[in-house]
S.K.: 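Next up is a structure, given as C-alpha cells.
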Amino acid sequence: MLDYNQPIDRAKNPTGSEVPQRRSESSFNVLELANLLWRRKIAIASAALIGACLAVAAGKSLTPRYTATSQLYVDPRELQLVDRELTPRAQDVSGMSMLVESQARLITSNSVLLQVIQQAGLDKDPEFGGSDGKTLASSLLGLIGFQLRAPSAAETKEVQLAALDALNKHITIRKTEKSFIVDIEVWSTDPAKAAMLANTLTNTYLTESRNSQALAARRATSELSGRLKELRERLRNAETALATYKAQNNFVGTQDSLISDQQLSSSNQRLSAARAATMDAQARLDQIEANKRTAADAGAIPEALQSPTIANLRAQYADARKKYAEQTAELGPRHPALRQTEKQVEDLKRTINEEIDRFALSAKNDLTRARDYEASLNRALDVQKRQSVQLSQAAVRLRELEREADASRDVYQSFLKRSRETEEQETLNTSAARVIGEATIPQRRSFPPGMSLFAMIGFMFGGLAAAFWFVAAEHLFNGATAPEPNRRERNPAPDDAKPQIEAAAPPPALALVEKPTIARLQEADVIRTLGAILATGSGVDLTRIGWPTLRPGFPLTTLLNALRDMRAAMARRTGGKTMPVIALVGAGQTTGRSVSALNFALAAARDGSRVLMIDADHQAHALSSKVKRPGKTEAGKAGWLSIGSKAAREIKTVNGISVLPATESDAGKAADAIRKAIAQARAAGGYDLVVLDGPAMPLSAAGRKLLDGTDALVAVLPTSLDINDSMEEILTALGTAQRKLVGVVLDELPPAIQTRQRGKQYA
C-alpha cells in the first residue's frame, strides 16, 4: 500500500540509478534567493548606506517651509441687532454649512489677497515673485546721479498678479467637519513671516466682511431714500383726493364716523324711546279706564297712590266713614248729624273720583303727546334714511380713495422705517465671525520632514534596489535551467503488488510533499451498470451512465471516510471559504480520473453538499460525452450557468449534482470560460463545492493557470501503472501547486478494456 511516511525521492528511480535533477520553469526557490542575498549582504548594506546618505543630502538641499495656522470662527447666524432676539433660533443646518464653506472661499478671494499683498508689501518680496528695486544696476546708476523710471501701472499690476498667484499657493483653508471652525494655514520660508501673513489674512478678511456689510447697508439706504420722494408725493396726492371728495359729498364727521351716521343712530335711539313712552302712556290710560269700569277702588292705581292730594282725601274719607259708622250705631237714620256725616262721605268720594278723572285725562293727554312725538321722529328718520342711502352710494368711491390712501401710507411708512434702519446699520457690525486662535511663530518646519525619515527611506530604497539588481543579474546571466530529462517508460505493475515509495533524503532545493489522505477505490465500493439500460425518464442520473459508482446504502465505508477527510483538509486550508474549488488530476487513462471525480462528487452530495461538477478536460470530454450522449439518457433540466456558449449549459441531475459540460474551444478559451463560470456561481451562491474533472496531463499553460485558481488538489493514481512514476510525474507537473495536494486516490478498478473483455466473456 502507498506509504507517505517518507518523502518522495525524485532523484532516484526505482532501480537505484541516478537521474538528472528537474526544475520547473515556473518554480520559485526561496532558499536560493536567501543564499544569493546573503552572499551579497555587504554590497546590499553598502548600497543601503549610500542611499541613506543621498537621501539625507537631498533633504538638506531642500528649502525648509514653516506653516503658521490661525483659527477663525465663522458663524453664519448674523447678529439681529434691530430685532428683539439677538440671533435667530432655527436655521437649516445644510444651508448654514454652505454659508460657512462660502465664507471659507471668500478668505482666498482676490479682493482680500490683494489687500494682504499691499499691507505686507509682498509685491516687493522675492519669495512671492516681487522685487524691491534695489538691484546692482540701480545702485550703480544711483551713484552717478541717475534714477530709474518708476514702473508703469501695467507693470505694477503684473507684479501684483504674480504675487497674488504665489500667495494663493502658500495658503491652505481647512474647514473642520461638522463645525464652524476654519483653519487658515500659510507657509513661508521665514517662520515670522508665515505667522504675520496668517494673522494679516485673518484680520483683512474680517475687515472686508464688515466693509461689505456696511456697503450693502449703504446701498440699500440709498435705494430706499431714492424711492421715498416718489412715495411721499403719491401719498400726498391720495390724501388730497380723499379730502376733496369728502368735502364735495358732505362727508363730515369725527375721526370714527360721519355726522349723518351719528344722527341716524341718535334718531333710531330717540324713536325707540318715544315708542316706549307711547306704549307706557297707553298702558297707564288703559289701566285707569279699566279701574273705572270695574267696581274696584279707582284710587288703587299707582298714580293715585303716589298723589298726596288723593292720599289726603282718602284719609278724610276714611275718617268720615268711621264717624258715619259710629253715628249710625248711636243715632237714628233721620238724625240731622247722621245725614250731614253721610253727605260729607259722599262729597269726599265724589272729590276722589274727580281726581281720578283728572289722572285719566292727564294720561290721555300724555298718550296723545307721545304719539305725536313718535310720528315726528318717524318723519325725521325717513328723511335721514334717504340721505344715508345717498351717502352710501357716494361712500363706495370714498372707500376706494381711502384704500388707496392707506396703501400709499403703509408703503411710505415701511420704506421710511426700513431706510432709517439700514442707515443705522451702516455703523453696526452684525457679523458673528471672530478669531479664536491667532497664528504664532512656528517652531518646527513643516517641510521637509526629519532627516531620520529621509535616512530610513533612502536606506530601504537603496537596499531594495541593490537586492533587485542582484536577483535580476542572477536570473539574466546565470538563471538557465537544465533541460528536463525524458520520461521513463511506464511498466504495468502486477495487480497484487503493494507499491511503496522509496525513502531517500531529498536534495535541499526540492520541497517535501506533506502527507495527504490516501483513499482506495476498489470493486467492493462501486456498482456497475450497463450504459442507460436502467435509466429512468425523470432526468439525468449519474449512477446510470455506465460508469462504476458508489454503492448505495453503505455510508460508513473506508472510501467515504477518506473522501470526507480530504474535504475536511480542504476546508481547513481554505479557512471556511465560500464554495471552495477542488480539482482531480491524474496520470494515465482519462476515464479512471473522471470516474474518481464523479465518485468524489457523489460522496459530497451524499453528505448534503450542493456540488457543481465541471468537465475541465477540453480534449477527452469523457464526462461531457457520457452526460450528453444522445439516445441513452433524457436531457436534464438546463440551468443558467454556461461555459462559453449556450450549448454548454449546466445540467441538473437527480443526484443533487449539477454538471457543466466542456466547450468546443482551445485550452486557453476553455480555461477562461471555466474561471468565469466559477466566479458567476460563487456570486450567485447556489453551490457548496466545485469539483473539476481535470485538466489532463501533461499540463498546458492554460491548465496551470486554471489550477492556480483552485483551492485543493487530489491526485488519481491508477494501480495498473507504476505508482511512484505516476506520482512523480504529477508532482513535477504541478510544481509549486503541489502544496495544494490534500489527497491521493488509488484507482484499483480494472481498466475499461479488461472490463469490456470480461463483459463479453460473461455475455
Side-chain angles (χ1 to χ4, degrees), residues 26 540 542 566-567 570 573-574 577-586 590-591 593-602 604-605 609-628 636 638-653 656-716 730 733-738 740-742:
S26 61
V540 176
L542 295 177
M566 294 179 190
R567 296 199 303 273
M570 175 186 63
R573 293 192 180 191
T574 57
K577 182 179 180 182
T578 304
M579 203 184 80
V581 181
I582 187 169
L584 278 80
V585 296
T590 303
T591 306
R593 183 205 65 223
S594 299
V595 170
S596 299
L598 176 60
N599 287 305
F600 189 93
L602 288 173
S609 299
R610 297 171 297 177
V611 182
L612 173 63
M613 191 172 181
I614 302 177
D615 190 354
D617 190 352
H618 72 286
Q619 297 176 355
H621 297 176
L623 179 63
S624 301
S625 61
K626 281 290 184 181
V627 175
K628 300 175 63 176
W640 58 271
L641 197 62
S642 63
I643 298 183
S645 64
K646 295 182 179 179
R649 290 192 175 274
E650 64 172 328
I651 299 175
K652 304 287 186 178
T653 67
I657 301 174
S658 297
V659 178
L660 197 57
T663 181
E664 297 293 336
S665 60
D666 56 5
K669 293 182 179 179
D672 293 338
I674 290 174
R675 287 196 299 273
K676 291 181 181 179
I678 293 174
Q680 292 177 4
R682 181 172 284 125
Y687 299 99
D688 302 323
L689 176 65
V690 178
V691 179
L692 297 183
D693 180 17
M697 295 290 178
L699 293 176
S700 61
R704 292 180 182 277
K705 192 174 182 180
L706 183 60
L707 291 182
D708 290 338
T710 60
D711 301 307
L713 299 174
V714 174
V716 180
I730 292 175
L734 293 178
T736 57
Q738 60 183 280
K740 299 181 181 180
L741 198 64
V742 297

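Residue indices begin at 1 and follow the sequence shown. Quick caveat: nothing in here was measured; it's all calculated off a predicted structure. For the numbers below, each heavy atom of this structure counts, side chains included, while hydrogens, waters and symmetry mates do not.
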S.K.: Can D615 and S624 be counted as having a side-chain donor-acceptor contact under 3.5 angstrom?
M.R.: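 Present: a donor and an acceptor within the cut-off.
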S.K.: Nearest 0.5 angstrom please: L707 CG to L692 CG, how far?
M.R.: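 Those atoms lie 8.0 Å apart.
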S.K.: Are the side chains of V690 and P580 in touch, meaning some heavy atoms are under 4.5 Å apart?
M.R.: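 They are not in side-chain contact.
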S.K.: I need the D617 CG to R593 CZ distance, nearest 0.5 Å.
M.R.: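 Rounded to the nearest 0.5 Å, the CG-CZ separation comes out at 4.5 Å.
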S.K.: Should I730 and L713 count as side-chain neighbours, where that means a heavy-atom distance under 4.5 Å?
M.R.: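 Contact flag for I730/L713 side chains = no.
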S.K.: Heavy-atom distance under 4.5 Å between the side chains of S594 and D693, does that happen here?
M.R.: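 When only atoms from C-beta onward are counted, D693 and S594 do touch, with a gap below 4.5 Å.
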S.K.: When V691 is tested against each of V659, I657, V611 for side chain to side chain contact (heavy atoms under 4.5 Å, CB included), which residue passes?
M.R.: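 For V691, the side chain to side chain contact (heavy atoms under 4.5 Å, CB included) test succeeds with only one of V659, I657, V611, which is V611.
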S.K.: For M579 and L689, which heavy atoms make the closest approach, and how far apart are they?
M.R.: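 M579 and L689 have their closest heavy atoms at CG-N, 4.2 Å.
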S.K.: Grab the two heavy atoms, one from A616 and one from L706, that are nearest each other, plus how far apart they are.
M.R.: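 Scanning both residues completely, I find the closest heavy atoms to be CB-CD2, 4.0 Å.
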S.K.: What's the separation between atom CZ in R567 and atom OG1 in T574, rounded to the nearest 0.5 Å?
M.R.: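 Reported value, rounded in 0.5 Å steps: 13.0 Å.
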S.K.: Counting C-beta onward and ignoring hydrogens, is there a side-chain heavy-atom pair between L598 and K626 closer than 4.5 Å?
M.R.: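 A side-chain contact is absent here, since even the closest heavy-atom pair is not under 4.5 Å.
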S.K.: Looking only at heavy atoms, which two atoms of A702 and A671 are closest? And how far apart?
M.R.: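 Taking every non-hydrogen atom into account, O-CB, 3.8 Å.
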S.K.: Any non-hydrogen side-chain atom of I614 less than 4.5 Å from a side-chain atom of I678?
M.R.: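 Yes - at least one pair of side-chain heavy atoms lies under 4.5 Å apart.
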S.K.: With the side chain counted from C-beta on, respond yes when I582 and V742 share a heavy-atom pair under 4.5 Å apart, and no when they do not.
M.R.: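 Side-chain contact under 4.5 Å: yes.
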S.K.: Does the side chain of M613 come within less than 4.5 Å of F600's, by heavy atoms?
M.R.: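 F600 does not reach M613 side chain to side chain.
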S.K.: If you look only at pairs with a residue in residues 679-692, which of them pass as a salt bridge (charged side-chain N to carboxylate O under 4.0 Å, His left out), with sequence neighbours excluded?
M.R.: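 Non-adjacent pairs meeting salt bridge (charged side-chain N to carboxylate O under 4.0 Å, His left out): R610-D688.
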S.K.: Looking at every non-hydrogen atom in both residues, tell me the closest pair between G586 and M697 and how far apart they are.
M.R.: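 Nearest heavy atoms, G586 then M697: O-CG, 3.3 Å.
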S.K.: Under 4.5 Å between any side-chain heavy atoms of K740 and L734, yes or no?
M.R.: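 K740 vs L734: side chains apart.
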S.K.: With K705, which residues qualify under salt bridge (Lys or Arg N to Asp or Glu O under 4.0 Å), at least two apart?
M.R.: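 Per chain and number, K705 pairs via salt bridge (Lys or Arg N to Asp or Glu O under 4.0 Å) with no residue.
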